[in-house]
Chemist: 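Here it is, the structure in full.
The first residue in the sequence is number 1, and the count goes up from there.
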Amino acid sequence: MDITSPSVRDLGRRLLTAGPSTIVVATALLFLVSPLVASGSLGSAPLLSMLPFAAVLAIAAAGQTLVVQQRGLDLSVPGMIALGAVLCTALPQQHGWPLASAVVAGALGPAAAGLVTGVLVTRFGVIPLIATLGLNAVLLGVVFAVADGTPAGAAPALNQFALDRTLGVPNTVLVAVLVVGVVGLVIGRSTSGRRLTAVGVSPRAAEVIGVRVGRYRLLAYASAGACYGVAGVLLAGYTKTPPLFLGDSYLLPTVAAVVLGGTALTGGVASVVASGVAALFLTQLGQLLRAVGWSDSRQLMAQAAVLLLVVLGRVLVPMAVTAWRRRLADRAVALAT
């Protein structure tokens with residue numbers, strides 16, 4: 001096989017820049033290596049304790065993917081997840097809401113907050129980083145106001161649903177598969193999804209062909225908020241009594257999952273399903289590091305290191321490939337003369 005052929009070069013580039021197919025391979029390898037590093041790490045008990053958190057991260061990463069696709073970065077993830085959790089727990093316990101209404105509010109409240117972010121970005125031209133950072137502070141204030149400064153426990157029915165399994169599969173995983181699958185299907189197969197991709201690739205070009213750029217950006221931010229809300233509801237139900245800062249540990253992992261899943265931070269083509277697989281990878285990696293005795297701080301540093309390596313790889317690998325091709329071309333010219 002000619003290692004200079006375009007097919008081999010393209011394969012190497014995909015493997016080294018963490019495209020959607022790469023994260024699937026990396027996740028499979030991680031699960032194969034896990035028992036060798038820590039025996040028993042793939043037993044039923046470790047898997048069942050890991051999968052609910054992977055499911056929550058996958059749902060939140062789906063929301064982050066929608067924002068990154070639109071050339072943004074959502075720093076309001078902690079506040080959004082905390083808002084979803086507090087609405088589904090404090091409203092029934094402290095304000096007498098029916099559980100079903102509180103769960104719906106847990107999803108729609110963050111969606112409305114995402115819509116506010118979208119308005120700030122599209123109508124007023126606020127930079128997404130600034131808009132989401134400011135909104136995060138506002139949301140945390142709302143969380144304290146709704147909870148009256150005291151964490152509320154999840155209703156027994158919600159807690160039981162989050163802990164139960166259907167046909168041996170945790171309900172949290174089933175919800176994650178449904179959410180990620182639907183969002184991925186809409187992004188990849190529907191007309192709205194193709195228009196969202198077009199807006200992310202080039203807003204000006206999308207506007208020229210008649211796409212209402214502002215409307216689709218609003219849709220992206222509102223849908224992302226709904227994903228965060230669902231993640232918060234599930235996490236609140238699973239943890240029973242969620243702390244008010246429940247979502248603080250999910251900001252970096254959602255960004256890492258999006259990048260590992262192959263979505264460029266410059267926007268455009270995105271893979272929600274790949275982000276979900278990356279969430280599984282990161283959660284299993286964290287569990288494996290805990291099994292070998294790594295502290296939470298070292299685990300966060302490991303996630304940051306993985307993210308940094310992927311980002312650097314996306315810059316350095318194409319540069320290296322270009323330099324290699326130029327060197328081969330110069331060598332061929334030298335041999336010909």
Chemist: Check the side chains of Ser295 and Ser297 for a donor-acceptor pair under 3.5 angstrom, ignoring hydrogens and angles.
Modeler: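 Yes, because at least one side-chain N or O of Ser297 sits under 3.5 Å from a partner of the opposite role on Ser295.
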
Chemist: Under 3.5 Å, is there a donor on one side chain and an acceptor on the other for Gln284 and Ser34?
Modeler: yes

Chemist: From Thr65 OG1 over to Ile187 CD1, what is the distance, rounded to the nearest 0.5 angstrom?
Modeler: 9.0 Å

Chemist: Between OH of Tyr238 and CG of Asn171, what distance do you get to the nearest 0.5 Å?
Modeler: 11.5 Å

Chemist: Any side-chain heavy atom of Arg123 sitting closer than 4.5 Å to one from Leu218?
Modeler: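 Sidechains of Leu218 and Arg123: in contact.
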
Chemist: Do Ser41 and Gln287 have a side chain donor and acceptor closer than 3.5 Å?
Modeler: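 No pair is found: no donor N or O on one side chain lies under 3.5 Å from an acceptor on the other.
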
Chemist: When rounded to the nearest 0.5 angstrom, what distance separates CG in Leu73 from OG1 in Thr254?
Modeler: 8.0 Å

Chemist: Could you measure the distance from the OG1 atom of Thr27 to the CG atom of Leu32? Nearest 0.5 Å is fine.
Modeler: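 Going from the OG1 atom of Thr27 to the CG atom of Leu32 covers 11.0 Å.
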
Chemist: Looking at CG of Leu57 and OG1 of Thr283, how far apart are the two atoms once the value is rounded to the nearest 0.5 Å?
Modeler: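 Here the rounded value is 5.0 Å.
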
Chemist: With a 6.0 Å cut-off on the ring centroids, do Phe245 and Phe144 count as close?
Modeler: yes

Chemist: Quick check, are the ring centers of Tyr250 and Tyr228 under 6.0 angstrom apart?
Modeler: no

Chemist: Test Thr322 against Met319 for side chain to side chain contact (heavy atoms under 4.5 Å, CB included), laying out the working first.
Modeler: CA-CA 5 Å; Thr322 301; Met319 291 174 59; 5.8 Å; no

Chemist: Determine whether the side chains of Asp74 and Ser76 contain a donor N or O and an acceptor N or O closer than 3.5 Å.
Modeler: yes

Chemist: Can you measure from CH2 (Trp294) to CG (Leu288) and round to the nearest 0.5 angstrom?
Modeler: 10.0 Å

Chemist: Could you state whether Leu265 and Leu260 fall into the same hydrophobic cluster, counting links through intermediate Ile, Leu, Val, Met, Phe, Trp or Tyr residues with side-chain heavy atoms under 4.5 angstrom apart?
Modeler: yes

Chemist: Would you kindly confirm whether Met80 and Ile59 end up in one hydrophobic cluster when ILVMFWY residues are joined by side chain heavy atoms under 4.5 Å apart?
Modeler: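 Yes, because Met80 and Ile59 connect within a single hydrophobic cluster, where side-chain heavy atoms sit under 4.5 Å apart.
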
